[in-house]
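Note sheet for the following structure.
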Amino acid sequence: MSTQPAPAPLLIACALGIEQSALRAGDRGGAGGPVTVLRTGMGPAAAERSVTRMLADPALRDAAVLATGFCAGLAPGMHPGDLVVAEETRDPRGTTACVGTDLLVKELARTVPGRTVHTGPLTGSDHVVRGHERSDLLATGAIATDMESAATLLSAVRAGERPVAAVRVVVDAPEHELVRIGTVRGGISAFRVLRSVLPAFFEWHRSLLLPRR
């Protein structure tokens with residue numbers, strides 16, 4: 001008797017405890033296979049170490065990897081609670097193409113109606129970006145920045161061929177910098193959005209398991 005292969009797992013990576021809490025609060029099940037939510041710690045080095053270590057586990061060898069959490073928007077008109085779906089992630093070590101971007105955009109629009117979803121390159125930084133750095137990064141074509149997504153996805157594809165993606169929630173934007181009053185309101189808005197996005201991630205994951213025609 002033939003047996004069906006086990007569904008490929010999904011590794012969702014975030015940096016901060018508050019991001020992990022939001023994801024766990026929103027988890028109602030429904031993934032296409034086993035799901036692990038990994039808190040990597042803050043910064044690209046921590047993300048690289050954590051993701052590389054996790055993917056060395058035989059149970060996660062073929063896992064799809066999705067980086068998520070909060071980010072800084074770079075473009076004027078972005079607001080806390082907006083969503084960013086990366087077409088690619090970039091850092092000084094290289095560029096990683098994302099898989100299933102269009103599906104993620106469609107599912108996020110359905111899962112979190114009324115929220116603006118931006119698509120474009122997501123660039124990595126090793127520190128919190130402020131002031132003129134924001135416009136400098138925008139000039140490279142990037143629409144948002146965070147410290148872990150690029151390192152997470154680059155580490156994932158270096159550990160083996162697999163689908164990768166990055167979805168971030170804007171907590172800080174050109175007209176809404178973290179140093180300004182109103183930061184708490186923006187953080188609460190971003191937390192609520194992050195708590196709501198898992199169904200879209202699970203649909204993305206399920207789509208990867210469908211047979212190709």
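If you read the sequence from its start, that first residue is 1, and numbering goes on from there.
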Are any side-chain N or O atoms of Arg168 and backbone N or O atoms of Phe70, one a donor and one an acceptor, separated by less than 3.5 Å?
yes

Using side-chain heavy atoms (C-beta onward) and a distance below 4.5 Å, is Arg134 in contact with Asp172?
yes

Any Pro76 side-chain heavy atom under 4.5 Å of Leu138 side chain:
yes

Enter the distance from Glu203:CD to Leu198:CG here, rounded to the nearest 0.5 Å.
12.0 Å

The reported gap from CG in Leu108 to OG1 in Thr119 (rounded to nearest 0.5 angstrom) is 11.5 Å

Any heavy-atom pair between the side chains of Leu154 and Thr89 that's under 4.5 Å?
no

What about Val105 and Leu66, same hydrophobic cluster or not, with Ile/Leu/Val/Met/Phe/Trp/Tyr joined at side-chain heavy-atom distances under 4.5 Å?
yes

Rounded to the nearest 0.5 Å, what separation is found between the CG atom of Asp146 and the OG1 atom of Thr68?
9.5 Å

Going only through I, L, V, M, F, W and Y residues with side-chain contacts under 4.5 Å, is there a path from Leu153 to Val167?
no

Thr145 to Ser125 - nearest heavy-atom pair and separation
OG1-CB, 3.7 Å

Contact summary for Ala59 and Pro9, nearest pair of heavy atoms
O-CG, 3.4 Å

Any residue meeting salt bridge (charged side-chain N to carboxylate O under 4.0 Å, His left out) with Arg49, in chain and number order, not counting sequence neighbours
none

Let me confirm one number: the CG-CH2 distance from Asp102 to Trp204, rounded to the nearest 0.5 Å.
13.5 Å

For Leu83 and Val169, what are the C-alpha separation, side-chain angles and deciding distance, and is it a side chain to side chain contact (heavy atoms under 4.5 Å, CB included)?
CA-CA 5 Å; Leu83 285 148; Val169 183; 3.8 Å; yes

Kindly indicate whether the side chain of Arg90, heavy atoms from C-beta on, has any atom under 4.5 Å from the side chain of Thr140.
yes

Honestly curious: do Val65 and Val85 fall in one hydrophobic cluster under the side-chain, below-4.5 Å linking rule?
no

Establish whether Leu208 and Val157 are linked, either directly or via other cluster members, by ILVMFWY side-chain heavy-atom contacts under 4.5 Å.
no

Just grab all the salt bridge (Lys or Arg N to Asp or Glu O under 4.0 Å) pairs involving residues 59-84, residues at least two apart or on different chains.
none

Side chains of Leu38 and Ser50: does their closest heavy-atom pair fall under 4.5 Å?
yes

Residue pair Ala97 / Val164: nearest heavy atoms and the distance that separates them
O-CG2, 3.6 Å

Would you say that Thr111 contacts Val197 through its side chain, given a criterion of any heavy-atom pair below 4.5 Å between the two side chains?
no

Non-hydrogen side-chain atoms of Arg115 and Ser189 separated by less than 4.5 Å:
yes

Looking at side-chain heavy atoms only, is the closest gap between Val171 and Pro80 below 4.5 Å?
no

Can you give me the closest heavy-atom contact between Ala156 and Val51, atom names plus distance?
N-CG1, 4.2 Å

Which value, rounded to the nearest 0.5 Å, describes the distance between Leu137 atom CG and Leu122 atom CG?
10.5 Å

What's the verdict on side chain to side chain contact (heavy atoms under 4.5 Å, CB included) for Leu60 and Arg162, showing C-alpha distance, side-chain angles and the deciding distance?
CA-CA 11 Å; Leu60 292 172; Arg162 71 190 72 247; over 6 Å; no

Nearest atoms (heavy-atom pairs only) where Asp91 meets Ala151:
OD2-N, 4.1 Å

How many angstroms lie between NE2 in His205 and CG in Leu104, if you round to the nearest 0.5 Å?
12.0 Å

Taking all non-hydrogen atoms of both residues into account, name the closest pair between Ala13 and Thr152 and its distance.
CB-CG2, 3.9 Å

Pair Glu148-Glu19, side chain to side chain contact (heavy atoms under 4.5 Å, CB included): steps then yes or no
CA-CA 13 Å; Glu148 297 83 24; Glu19 295 167 338; 5.6 Å; no

Please answer: with hydrophobic residues joined when any side-chain heavy atoms are less than 4.5 Å apart, are Val112 and Leu23 in the same cluster?
yes

